[in-house]
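This report refers to the structure that appears directly beneath it.
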Amino acid sequence: MTMASHRPASEVRPGERRPAAIPLPAGAARLLTGAGAVLALVSTFLAWTWTTAFPGNLTVTGYPGGLQNITLAGAALTLLHLLAGYRVRGLRWLAPSGTTAPTLLLALGTLAATWYTLGAITNDLGGLVNIEPGGFVAGGATLLTVIGALALPPARPYPENTPPANPWHRFRHSLAPGRPSRATALPAWADILVIAAAFALGLLLFTYGIEAEYGELFVGYLLLACAGLAAFGRSGLTQRLNSLTAKHRNITLTAAFVAAACFPLTLTSDTYTNLATSILIFATVALGLNVVVGLAGLLDLGYVAFLGVGAYTAALVSGSPESAAGVHFPFWAAVLAGIGTSLVFGVLIGAPTLRLRGDYLAIVTLGFGEIFRITMLNLNGKTGPDVTNGAMGIPNIPDLKIGGFDFGDTHDVLGTPIGRFGNYYLLMLLATIAVVLVFRRAAESRIGRAWIAIREDETAATAMGINAFRLKLLAFALGAALAGLAGTVQAHVITTATPDQYQFAGTVPPNSAFLLAAVILGGMGTITGPLVGAALLYLIPNKMDFMQDYQLLLFGVALILLMRFRPEGIVADRRKQLEFHADDDAADDAPVTLTKAEV
């Protein structure tokens with residue numbers, strides 16, 4: 001690795017004032033940041049505690065383990081972005097929009113993960129005396145890294161060249177990205193390699209998170225992952241990858257499918273595969289709700305009932321010995337029955353209610369969700385006909401058999417055994433792809449554009465000749481059908497259908513409140529947003545069971561913070577970004593041409 005120039009990329013231009021949040025010379029700030037990152041990296045090879053009672057075995061000197069790996073990764077990424085600021089050949093591609101903001105974010109993420117680890121050791125083992133010198137070195141080194149990063153000159157000059165006196169405003173300005181540079185065009189094969197590497201890295205990170213063996217490790221992973229994703233966004237790397245995926249759309253879709261299909265091969269236990277399958281079910285239902293809420297703008301608070309309709313329909317016709325129907329349809333017929341029944345319910349519920357708007361529609365749909373759950377509870381042979389066995393539900397739903405392939409058996413794929421949940425994961429992956437294709441085609445069609453017009457202003461859309469009621473009913477029916485598809489698979493995965501699975505709110509998803517939160521937090525109207533939001537909202541409660549008493553409190557705090565700092569959602573479309581960030585200075589986003597040596 002060679003230096004293209006010893007001059008940092010964030011060098012202040014003549015006439016520009018870029019004082020940092022902490023007043024230090026730029027050279028000293030970079031030296032302090034680099035020294036802190038190197039010292040934090042070295043500290044992970046020292047013992048942080050003397051006993052193996054804390055999970056992860058942080059007692060070994062010579063190689064990191066457990067949460068030390070999180071600090072190691074954070075320190076290495078911080079150092080890489082700092083070197084990218086010096087235009088190190090091959091690293092400048094990582095930060096086209098400047099290195100100050102991503103370096104600071106990564107330093108903060110490393111500090112949070114490291115100090116959380118030290119706090120967890122102190123709390124679990126009973127005092128600071130349980131921390132070895134290596135732990136204190138790690139805590140001090142990450143603090144030095146943050147101090148140095150705060151002293152780095154921001155990538156963007158202050159408005160009107162007047163720095164604010166408020167330190168908080170200076171800190172926020174340090175997190176602002178610079179003007180994106182124009183990268184030298186790579187050959188097509190290099191673009192494909194970058195896309196493949198990005199999906200491979202994403203698969204590795206998701207596998208690490210889902211296989212976190214204890215809650216403390218998952219919290220540390222989550223802290224650094226959030227900081228890292230924010231850093232990549234501020235560095236401009238996310239935008240650069242988005243341009244590559246848009247340029248090679250077919251390659252991107254293929255890589256995404258291959259990475260998702262290989263996911264069961266990377267897991268060490270069928271328990272984690274079961275968790276991944278449940279996440280896919282939750283994500284698919286959230287994407288179906290995105291048709292109703294994200295595209296058409298209809299606030300549906302009882303959407304989980306359509307998932308229940310599909311699940312109960314599949315349970316009744318799939319050969320369960322407890323089913324009152326007493327029939328056994330093949331899987332394709334059970335899927336069509338679940339989709340069709342959910343669609344019919346969507347039309348029956350939507351036809352008399354979709355003339356309402358806003359809060360009134362939300363109250364009616366909430367009532368429908370509760371009516372469905374109570375009805376399933378009362379069809380027990382005592383307070384109503386014996387159809388659903390009441391609170392006991394319909395258990396013992398047999399495993400699927402498609403063309404001689406038994407989903408309940410273990411099969412070898414490339415020498416790796418794939419168990420029952422792995423088989424259902426692959427089936428649910430195909431269902432998710434089908435829902436994604438339906439959503440994408442619908443969103444890009446004339447009907448999808450009409451839905452967006454209704455969402456933005458129904459009165460104006462009606463005045464322009466759009467039949468709002470008919471199109472809203474179509475959105476409601478399509479969303480219900482997609483939820484019914486997911487429900488048929490869910491019934492076979494969990495082998496039972498009970499009323500308590502389909503509530504408005506609860507501590508464990510899927511329920512209507514969490515589904516709506518997944519769409520809003522992930523990004524309404526997008527494909528990736530609800531998938532990401534659903535994965536986070538399902539994975540976090542399962543991994544942080546040690547904080548079960550505070551889950552709803554933390555969930556509310558997370559909602560408030562996200563609505564304050566990123567109201568458009570984690571993954572937002574261009575329309576939402578313009579709506580919530582209309583006051584951003586577009587001039588600062590103008591591309592800057594770099595020389596070949598700089599790139």
Side-chain angles (χ1 to χ4, degrees), residues 105 109 202 205-206 209-210 218-219 221-230 232-234 238 275 278-304 307 362 365-366 432 435-436 439 443 455 479 482-483 486 503-544 547 550-581:
L105 285 168
L205 291 176
F206 190 71
I210 206 170
F218 181 77
V219 173
Y221 159 82
L222 192 63
L223 289 173
L224 184 61
C226 292
L229 291 175
F232 293 152
R234 296 290 183 176
T238 304
L275 180 58
S278 301
I279 290 174
L280 266 185
I281 294 173
F282 186 33
T284 303
V285 180
L287 194 58
L289 178 60
N290 198 26
V291 175
V292 181
V293 177
L295 293 182
L298 305 174
L299 185 56
D300 189 349
L301 298 182
Y303 186 76
V304 74
L307 176 68
T365 54
L366 174 61
T432 304
V435 174
V436 168
F439 180 89
R455 182 191 69 191
L482 297 180
Q503 302 180 22
F504 167 71
T507 57
V508 179
N511 53 65
S512 293
F514 271 75
L515 286 170
L516 186 61
V519 174
I520 296 175
L521 297 182
M524 292 191 300
T526 65
I527 294 177
T528 311
L531 300 179
V532 173
L536 290 176
L537 290 180
Y538 198 96
L539 187 60
I540 291 175
N542 279 274
K543 291 297 183 180
M544 296 176 62
M547 300 183 69
Y550 305 98
Q551 280 183 4
L552 290 179
L553 173 63
L554 296 176
F555 176 63
V557 172
L559 279 176
I560 294 172
L561 292 176
L562 195 63
M563 292 299 100
R564 170 61 182 86
F565 295 104
R566 194 170 178 84
E568 69 272 22
I570 299 174
V571 181
D573 60 7
R574 184 61 177 168
R575 183 188 300 271
K576 290 295 182 183
Q577 288 177 334
L578 292 175
E579 178 181 349
F580 288 104
H581 302 284

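The structure displayed is predicted, hence computed values, not measured ones.
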Nearest heavy-atom pair of Ala283 and Ala534: which atoms, and what distance? CA-CB, 3.5 Å

Sequence neighbours left out, what pairs pass side chain to side chain donor-acceptor pair (under 3.5 Å) with at least one residue falling in residues 283-295? Thr284-Thr432

Is there a side-chain contact between Leu521 and Val532 (heavy atoms, below 4.5 Å)? no

Minimum-distance pair of heavy atoms, taken over all atoms of Leu295 and Ala443: CD1-CB, 4.0 Å

Side chains of Val219 and Leu222, heavy atoms from C-beta outward: is any pair under 4.5 Å? no

Do you know the tightest heavy-atom contact between Phe439 and Val291? CD1-CG2, 3.4 Å

Between Tyr303 and Gly479 (side chain of the first, backbone of the second, donor and acceptor by atom type, cut-off under 3.5 Å), is there such a pair? yes

Sub-4.5 Å side-chain heavy-atom contact between Val304 and Phe514: no

To the nearest 0.5 Å, atom CD1 of Ile279 lies from atom CG of Leu536 at 9.0 Å

As a quick check of understanding, evaluate side chain to side chain contact (heavy atoms under 4.5 Å, CB included) for Ile281 and Tyr538, giving each step before the final call. CA-CA 10 Å; Ile281 294 173; Tyr538 198 96; over 6 Å; no

Determine the minimum heavy-atom distance between Val293 and Met524, stating which atoms define it. CG1-SD, 3.7 Å

Going from CG on Leu515 to CG on Leu537, what distance comes out if it is rounded to the nearest 0.5 angstrom? 9.5 Å

Measure the CG-OG1 distance between Leu287 and Thr528 for me, rounded to the nearest 0.5 Å. 9.5 Å

Nearest 0.5 Å, please: how far is CG in Leu531 from CD1 in Ile527? 8.0 Å

Rounded to the nearest 0.5 angstrom, the CG-CD1 distance for Leu275 and Ile210 is 4.0 Å

Test side chain to side chain contact (heavy atoms under 4.5 Å, CB included) on Leu299 and Thr365; report intermediate values, then the result. CA-CA 8 Å; Leu299 185 56; Thr365 54; over 6 Å; no

For a quick test of reading the model, state the closest non-hydrogen atom pair linking Phe282 to Ala518 and the distance between them. CZ-CB, 4.5 Å

Would you name the heavy atoms of Ala486 and Val285 that are closest together and state the gap between them? CB-CG2, 3.6 Å

Determine which pairs satisfy side chain to side chain donor-acceptor pair (under 3.5 Å) with at least one residue from residues 512-526, sequence neighbours left out, and list them in order. none

